[in-house]
Amino acid sequence: MNFELGTVVAITVIAYLIGMAAKAIPNVPNQVIPVLCGTVGGVLGVVGMYIMPDFPVHDVLSAVAVGIVSGLAATGVNQVGKQLKQKKEG
């Protein structure tokens with residue numbers, strides 16, 4: 001499997017922005033945001049497989065898995081940022 005980091009980063013960034021947009025909507029509970037990011041990532045993984053020639057996988061199931069992990073990484077990035085901010089303040 002040829003792994004191109006740029007494709008995964010693109011999915012992570014898009015999922016992160018969608019998660020931040022969801023967080024700005026008052027009626028969206030926080031526990032839904034990781035599910036949203038993972039779902040968006042899964043969809044983007046499949047789209048990426050078809051439109052990006054350097055996508056790291058070439059079957060739908062693997063593309064969904066790569067996308068979900070990338071989408072959930074967006075939630076992890078957000079949590080790392082929050083943890084670092086809390087350590088500086090505390």
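None of these values were measured; they are calculated from a predicted model.
Val35 is not connected to Tyr16 by any chain of hydrophobic side-chain contacts under 4.5 Å among Ile, Leu, Val, Met, Phe, Trp and Tyr, and they are in different clusters. No chain of hydrophobic side-chain contacts below 4.5 Å, direct or via other Ile, Leu, Val, Met, Phe, Trp or Tyr residues, connects Leu17 to Ile25. Clustering ILVMFWY residues whenever any of their side-chain heavy atoms sit less than 4.5 angstrom apart, transitively, puts Leu72 in the very cluster that holds Val40. No continuous path of ILVMFWY side-chain contacts below 4.5 Å connects Val77 to Ile33, so the two sit in separate hydrophobic clusters. Under the 4.5 Å side-chain heavy-atom criterion for ILVMFWY residues, no single connected hydrophobic cluster contains both Ile11 and Val69.
No side-chain donor-acceptor contact under 3.5 Å links Thr12 to the backbone of Ala74.
Here Ile18 contributes atom CD1 and Leu36 contributes atom CG; the two are 6.5 Å apart, rounded to the nearest 0.5 Å. Atoms OG1 and CG, on Thr39 and Leu44 in that order, are 11.0 Å from each other to the nearest 0.5 Å.
Residues Thr75 and Pro34 share a closest heavy-atom pair of OG1-CA, 3.7 Å. Minimum heavy-atom separation, Gly19 to Cys37: CA-SG, 3.8 Å. Across all their heavy atoms, Met49 and Val57 have their closest contact at CG-O, 3.7 Å.
Two residues are said to be in side-chain contact when any heavy atoms from C-beta on lie closer than 4.5 Å; Lys23 and Asn30 meet this criterion. Residues Phe55 and Val47 have side chains not in contact (no heavy-atom distance under 4.5 Å, counting atoms from C-beta outward).
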